[in-house]
There are 2 protein chains.
Amino acid sequence: MASSSDIGVDEARDRAVGIVADAVGELMRFWNFKPSLGRIWAILYLSPGPLDAEEIEARSGLSTGNVSMSLQELLQWGVVKRVPVSPAGAAAGVSSRRRLFVAETDMWAMVARVFRERELHLIERTIAQLEEALDLLDGVGRGAGPTAMLQSRFLVTRVRNLLELAKTGRRLLEGLSRTGSVDFTAIRDVLRVRS
Amino acid sequence: MASSSDIGVDEARDRAVGIVADAVGELMRFWNFKPSLGRIWAILYLSPGPLDAEEIEARSGLSTGNVSMSLQELLQWGVVKRVPVSPAGAAAGVSSRRRLFVAETDMWAMVARVFRERELHLIERTIAQLEEALDLLDGVGRGAGPTAMLQSRFLVTRVRNLLELAKTGRRLLEGLSRTGSVDFTAIRDVLRVRS
DNA sequence: CATGGATTTCAATACTAATTGAAGTTAGTG
DNA sequence: CACTAACTTCAATTAGTATTGAAATCCATG
């Protein structure tokens, strides 16, 4: 039960949660997630117990639809979990229609998963594009004048450099989620290529 | 001098450059840079010699203004360099009014710089925000009812976790640009904190 | 199996960021 | 020092995302 002097306390708590939600939202945006995802995760993470959509809506100031969609997305990323209504809660009359959510606290798993799935996918696409470019250049050289020859050689070399870089990145990323440690000196050498 | 059979060759080259420019542009966008920065850098990187703004404009399909602004930004990041008109070029009548640019090829320096300046700045802001939240919560607890007390304790713990995580990230990032190698096991432990 | 609260969907709206291009400025050149 | 090509600036436009909220759907409950 809250005493009358808790009014200021509650306010301070709400403001603190707001600040953290903003911070996490911004961080998430920087990593190309929608800010609402960050806000909602933060609110769940800072709540001692599970919350339902309505409560999240109230605390985050986001719309019904947004909360629903964001929760789906967070579940997909394994960053939020659904929890069953506890027997105690059920006995106390909490409707079983309400779905309750908590934040996943093993952030390493979160980060590893995002890296594995999203960044890896990005780099795969890049590699495919670079290979496509190389294929195009492969036909070049035969039947070409000497100037064109030289330019093509140069181009091929540079695209190959980018490709090598991308592949190193992929290897790195793949290793990361397993070993949990990365030797950046490997990539540094590729990055330093001059030609 | 290009022979007639070079027509298809030139086309292939242009398309290849286009594909790479797209790929790099997309990559850059993912890292929260404007895609045009990536496109322009790629075009310079794939050119055997320095290019002036007009040439970049033609090859990238971007507007005059965009090319000008983007070059400024790329120079700031040390990702592109200005080069003086070569004596040979000057003798051949290349106007000294035209400014020539080349791509920086030491990509490690580029990446390290971006990480150091940009990501570090982001994490600094986050840390400041988390500390602000903690300050707010500091006043809470005295004169509060027992329920409020418990909730506040919980909140403080969780915000502290986030803060610790952020600081670990900062330490990591600081180390990265120097040693070139990161032990992610350190951060993994922080990320795995349960409470 | 009808009811109504809970949830999802999605077209419309609001926001944010990137790009354009014309007007303004700068600086080689004759 | 006037001229003009090269470059820069920035207000307006366009493009791209995120968010809203009302309508549709779902589903435990009586």
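In what follows, every chain begins at residue 1, and chains take the letters A, B, ... in the order their sequences are listed.
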Worksheet entry | salt bridge (charged side-chain N to carboxylate O under 4.0 Å, His left out) involving E174(A) - partner list, sequence neighbours excluded | none
Item to complete: Classify every nucleotide of nucleotides 4-11 of chain D by which part a protein heavy atom approaches to under 4.0 Å, writing B for the base, S for the sugar-phosphate alone and - for neither, in 5'-to-3' order.
Response: BBSSBBB-
Response to the item:
From CZ of R39(B) across to C1' of dA18(C) the rounded distance in Å is 13 Å
Worksheet item: If Ile, Leu, Val, Met, Phe, Trp and Tyr residues are connected whenever their side-chain heavy atoms lie under 4.5 Å apart, and connections chain through other members, are V111(B) and L120(B) in the same group?
Response: yes
Discussion item. Which residues in residues 20-34 of chain A have a heavy atom closer than 4.0 Å to any atom of DNA chain D?
Written reply: K34(A)
Discussion item. Do L173(A) and W31(B) sit in one hydrophobic cluster, given that two such residues count as connected whenever their side-chain heavy atoms are within less than 4.5 Å of each other, even indirectly?
Written reply: yes
Worksheet item: Is any NZ, NE, NH1 or NH2 atom of the basic residue among K167(B) and E131(B) found under 4.0 Å from an Asp or Glu carboxylate oxygen of the other?
Response: yes
Fill in: Between dT14(D) (C1') and L62(B) (CG): distance, integer Å
14 Å
Worksheet item: What pairs of residues pass the ring pair (Phe, Tyr, Trp, His ring centres under 6.0 Å) test when at least one of them lies in residues 109-138 of chain A, not counting sequence neighbours?
Response: none
Worksheet item: side chain to side chain contact (heavy atoms under 4.5 Å, CB included) with S68(B): which residues, sequence neighbours excluded?
Response: none
Item to complete: Name all pairs fulfilling the ring pair (Phe, Tyr, Trp, His ring centres under 6.0 Å) condition that reach into residues 67-89 of chain A, sequence neighbours left out, sorted by first residue then second.
Response: F33(A)-W77(A)
Practice prompt. Take the protein atom CD of E57(A) and the nucleotide atom C1' of dA22(D), then report the distance between them rounded to whole Å.
Written response: 13 Å
Discussion item. If you compare all heavy atoms of L46(B) against all heavy atoms of R158(A), which two are closest, and at what distance to 0.1 Å?
Written reply: CD2-CB, 3.7 Å
